[in-house]
Enquirer: 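Mind having a look at this structure? Questions to follow.
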2 protein chains.
Amino acid sequence: MTMSNTGGRRKPPTIHDVARVAGVSRGTVSRVLNGGHYVSPAAQEAVNAAIRKTGYVVNRHARSLITGRSDSIGFLLTEPQEKLFEDPNFNVLLRGCTQALAAHDIPLLLMVAGTEDERRRIMRYITAGHVDGVLLVSSHSGDPVAEQLRDAGVPLVQCGKPMGLGSKVSYVAADDRDGARDMVRHLLSLGRRHVGVVTGPLDTPGGVDRLAGYKEVLTEAGVEIDERLIVSGDYSRASGEAGAERLLERAPDMDAVFVASDLMAQGALTALRRAGRRVPEDVAVGGFDDSTAATESVPALTTIRQPYDRISNEMVRVLLAQIGGEDPAAVILPTELVLRDST
Amino acid sequence: MTMSNTGGRRKPPTIHDVARVAGVSRGTVSRVLNGGHYVSPAAQEAVNAAIRKTGYVVNRHARSLITGRSDSIGFLLTEPQEKLFEDPNFNVLLRGCTQALAAHDIPLLLMVAGTEDERRRIMRYITAGHVDGVLLVSSHSGDPVAEQLRDAGVPLVQCGKPMGLGSKVSYVAADDRDGARDMVRHLLSLGRRHVGVVTGPLDTPGGVDRLAGYKEVLTEAGVEIDERLIVSGDYSRASGEAGAERLLERAPDMDAVFVASDLMAQGALTALRRAGRRVPEDVAVGGFDDSTAATESVPALTTIRQPYDRISNEMVRVLLAQIGGEDPAAVILPTELVLRDST
DNA sequence: TTCTCTACTGTGAACGCTCACAGAAGCATG
DNA sequence: CATGCTTCTGTGAGCGTTCACAGTAGAGAA
């Protein structure tokens with residue numbers, strides 16, 4: 001007479017069971033589980049065999065209860081929700097972080113703070129110690145969440161350079177300024193001299209740095225900076241379209257434009273097409289990000305590749321280091337010019 | 001002389017602290033926390049006040065240790081990783097599930113099983129009871145993961161109809177067949193009679209059902225089914241492009257095409273443009289999904305809207321019900337025809 | 001009065017693990 | 001031979017909850 005297995009989950013084996021099977025004590029099993037120092041090779045072996053035999057998996061709740069660590073980390077997105085859907089980079093980042101954490105056997109908790117209500121609940125959850133650290137993604141980068149978390153003593157790494165420089169918060173970012181420089185240099189090298197720019201939001205470091213790179217290269221090349229050729233956007237498709245329209249209106253002789261995100265560049269292409277300009281013959285267009293939008297556009301966008309795979313890896317590395325007691329760190333990664341059909 | 005706060009996190013208050021402040025016992029606090037039955041109004045009040053005052057948040061690890069529940073659920077994606085980046089619907093689904101779960105105060109663990117190795121680790125994690133249930137997204141829907149989880153007694157809801165009908169697995173899906181019918185009827189109503197189709201993968205129910213809907217409407221309308229007008233794709237942009245190319249080659253008189261995903265439809269637009277066909281004048285194009293790809297295309301795609309917000313809500317609802325002891329359930333949601341510029 | 005029933009409250013035990021400590025065994029040193 | 005050191009092992013306590021149980025108080029019925 002055997003019990004039927006169907007339906008209910010059977011109770012999983014505990015550290016006790018493993019100890020019994022291996023013929024050792026709980027303590028020894030625990031030591032094997034946590035690095036195996038001060039354990040004889042024989043015991044080590046016996047315990048591992050018993051783990052395999054019983055199919056034991058550590059109960060993380062019991063462990064966390066005593067260690068105070070949760071051995072899980074939060075991926076926090078504080079964005080109006082449309083952003084999540086619009087930004088193709090987000091996926092890449094999320095996937096990268098999941099993978100990097102999986103290598104450490106650390107689960108990722110996804111938290112989206114769209115509304116004020118969600119924000120409060122999430123903050124309570126985090127500060128209650130239910131995650132060991134937070135990977136923060138938020139583009140309106142004066143985000144109070146970062147400071148709140150830092151003040152609560154929660155290890156934190158932000159994606160992208162934060163606004164308040166004084167705040168000691170770790171971050172990982174691409175080199176926006178240098179990327180912009182590369183792109184504008186490239187446009188100049190094509191012989192274009194009336195180079196417009198649609199910037200990102202100028203209350204974010206990314207927006208500011210990309211504009212700074214643009215100005216720097218023009219000055220360096222002896223091209224006078226023309227305020228008519230500078231308009232600002234907010235990284236959305238629509239703002240790219242509107243921005244390009246305004247540029248054409250103000251400076252019809254524009255022969256190239258650096259658009260500070262691929263999504264905006266897509267919008268700019270639409271506006272240029274509507275105005276009867278050929279790309280790249282009449283106007284060369286340069287984007288930023290190398291997102292999926294860049295390859296899907298017609299023509300495909302010349303753009304600046306942000307190394308999102310490396311960014312996610314670095315974010316995880318820096319966060320784990322910080323949880324391990326190290327000081328906050330800033331990492332800036334190089335970008336790369338990707339040539340396609342729009343220039 | 002006060003201790004500095006900076007740096008370390010202070011120890012959070014426990015249920016003991018709350019009990020002391022409220023002047024009641026642990027048991028009473030616990031009862032308030034779990035629904036408040038058999039608690040006097042006065043005690044109720046005192047406990048709530050004490051919770052506010054102390055800033056108490058329940059320690060989920062301690063709770064889980066004794067209840068056996070984890071009060072968290074897993075969002076499992078078993079896909080080759082490119083899919084994650086390509087599919088704009090994935091974001092919508094993920095966001096929807098996060099939100100629906102947040103309403104129940106349940107954290108979502110994101111798990112991506114790209115490699116065989118990841119798959120094994122994740123299965124061990126899940127079957128060890130570290131999540132109470134799983135939301136499964138996988139397009140190659142003969143996925144063994146579903147059966148494995150079901151056999152392990154893990155509550156499970158799949159997104160999209162699973163292949164093996166015999167397996168008693170919950171799922172939530174859009175009405176693919178009916179959506180396809182609507183689209184093809186629409187194309188016929190425009191006076192088109194040479195309607196091609198680029199199907200989804202025919203080893204998936206979605207692919208099969210959309211094709212079935214197509215055939216059904218044609219037959220119903222007395223239009224003979226022409227095998228030259230049927231090619232199959234795999235939902236990727238590239239396969240849509242190749243598919244449309246093959247259709248034009250085999251049936252140059254094609255005046256409409258139903259493409260079983262927006263992403264493929266984008267590819268089809270590229271192929272049609274290259275072949276010198278105007279859309280929608282020469283060839284009307286209908287997509288499927290109403291993803292962001294549909295509005296970003298030029299021209300914007302007429303498509304079939306899948307109610308992803310409702311799908312995610314239903315997935316969560318069905319999963320929680322199943323965790324609560326109810327039987328597996330299948331939910332099929334209606335689609336909607338969205339008219340844009342491509343037809 | 002005495003009993004029963006209901007509404008409420010407190011208490012000890014347990015969940016599965018890690019940590020600190022105590023102790024044993026082996027070996028070299030005084 | 002005692003002493004110290006290193007390497008290894010077992011044991012009790014406790015992490016913060018929930019749960020089952022016992023118990024109290026008050027109301028109504030006999």
Side-chain angles (χ1 to χ4, degrees), chain A residues 9-48 50-51 54-72 105 124-125 127-132, chain B residues 9-48 50-51 54-72 105 124-125 127-132:
Chain A
R9 299 202 229 179
R10 40 136 76 62
K11 214 173 173 182
T14 75
I15 204 174
H16 259 106
D17 301 320
V18 175
R20 196 165 27 74
V21 171
V24 298
S25 72
R26 283 167 12 243
T28 300
V29 177
S30 179
R31 276 184 286 265
V32 171
L33 253 34
N34 296 288
H37 297 299
Y38 287 94
V39 182
S40 68
Q44 183 97 241
E45 181 63 25
V47 168
N48 282 324
I51 287 175
T54 54
Y56 171 79
V57 179
V58 67
N59 182 326
R60 299 171 97 105
H61 301 303
R63 173 184 284 173
S64 293
L65 185 55
I66 184 159
T67 60
R69 282 173 287 121
S70 69
D71 289 321
S72 67
D105 209 24
R124 237 198 339 263
Y125 185 86
T127 51
H130 288 309
V131 294
D132 295 340
Chain B
R9 299 202 227 180
R10 40 135 77 62
K11 216 172 171 184
T14 74
I15 204 173
H16 258 106
D17 301 321
V18 175
R20 194 164 30 72
V21 171
V24 298
S25 71
R26 281 167 15 244
T28 300
V29 177
S30 178
R31 275 184 288 267
V32 171
L33 254 34
N34 296 288
H37 297 300
Y38 285 92
V39 182
S40 69
Q44 183 96 244
E45 181 64 24
V47 168
N48 282 325
I51 287 175
T54 54
Y56 170 78
V57 178
V58 67
N59 182 326
R60 299 171 96 105
H61 301 303
R63 173 184 284 173
S64 294
L65 184 55
I66 184 160
T67 61
R69 283 174 285 122
S70 70
D71 290 321
S72 67
D105 209 25
R124 238 202 335 266
Y125 186 85
T127 52
H130 288 308
V131 295
D132 294 340

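Remember, predicted model here, so these are calculated numbers, not experimental data. Side chains included, hydrogens not; waters and symmetry mates left out as well; all remaining heavy atoms used. Below, read A as the first sequence line, B as the second, and so on, with proteins coming before strands; counting in each chain starts at 1.
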Enquirer: Would you list the protein and nucleotides 15-20 of chain D atom pairs, both N or O, that sit under 3.5 Å from each other?
Expert:
{"residue": "D:dG16", "atom": "N2", "partner": "B:A62", "partner atom": "O", "Å": "3.4"}
{"residue": "D:dT17", "atom": "OP1", "partner": "B:Y56", "partner atom": "OH", "Å": "2.7"}
{"residue": "D:dT17", "atom": "OP1", "partner": "B:N59", "partner atom": "N", "Å": "3.4"}
{"residue": "D:dT17", "atom": "OP2", "partner": "B:I15", "partner atom": "N", "Å": "2.7"}
{"residue": "D:dT17", "atom": "O5'", "partner": "B:Y56", "partner atom": "OH", "Å": "3.2"}
{"residue": "D:dT18", "atom": "OP1", "partner": "B:N34", "partner atom": "ND2", "Å": "3.2"}
{"residue": "D:dT18", "atom": "OP1", "partner": "B:R63", "partner atom": "NE", "Å": "2.9"}
{"residue": "D:dT18", "atom": "OP1", "partner": "B:R63", "partner atom": "NH2", "Å": "3.1"}
{"residue": "D:dT18", "atom": "OP2", "partner": "B:S30", "partner atom": "OG", "Å": "2.7"}
{"residue": "D:dT18", "atom": "O4", "partner": "B:R26", "partner atom": "NH2", "Å": "2.8"}

Enquirer: In whole Å, I'd like the distance from the NE2 atom of B:H37 to the C1' atom of C:dT9.
Expert: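 My rounded result for the distance is 17 Å.
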Enquirer: Within the 4.5 Å heavy-atom criterion, are A:D105 and A:R60 side-chain neighbours or not?
Expert: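 SC-SC contact between A:D105 and A:R60 confirmed.
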Enquirer: C:dG23 C1' sits how many Å from A:Y38 OH, rounded?
Expert: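 So the OH-C1' distance, A:Y38 to C:dG23, works out to 15 Å.
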Enquirer: Among B:V21, B:D17, B:V58, B:V47, which residue satisfies the side chain to side chain contact (heavy atoms under 4.5 Å, CB included) criterion with B:V29?
Expert: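 Going through B:V21, B:D17, B:V58, B:V47 one by one, the side chain to side chain contact (heavy atoms under 4.5 Å, CB included) with B:V29 is satisfied by B:V47 alone.
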Enquirer: Does any non-hydrogen side-chain atom of A:N59 lie less than 4.5 Å from one of B:L65?
Expert: yes
Enquirer: Check the distance between D:dC8's C1' and A:E45's CD and give it to me in whole angstrom.
Expert: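 The answer, rounded to whole Å, is 17 Å.
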Enquirer: Does any non-hydrogen side-chain atom of A:V57 lie less than 4.5 Å from one of A:P12?
Expert: no
Enquirer: Mind checking whether A:T54 and A:R20 have side chains closer than 4.5 Å, heavy atoms only?
Expert: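 They are not in side-chain contact.
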Enquirer: Roughly how many Å is it from CD in B:Q44 to P in C:dA7, rounded to a whole number?
Expert: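 The answer, rounded to whole Å, is 15 Å.
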Enquirer: Could you tell me how far apart A:D17 (CG) and C:dC15 (P) are, to the nearest whole angstrom?
Expert: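 The distance from CG of A:D17 to P of C:dC15 comes to 11 Å, rounded to the nearest Å.
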Enquirer: Check whether any side-chain heavy atom of B:I15 lies under 4.5 Å from a side-chain heavy atom of B:L33, and answer yes or no.
Expert: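 Counting from C-beta outward, B:I15 and B:L33 do come under 4.5 Å.
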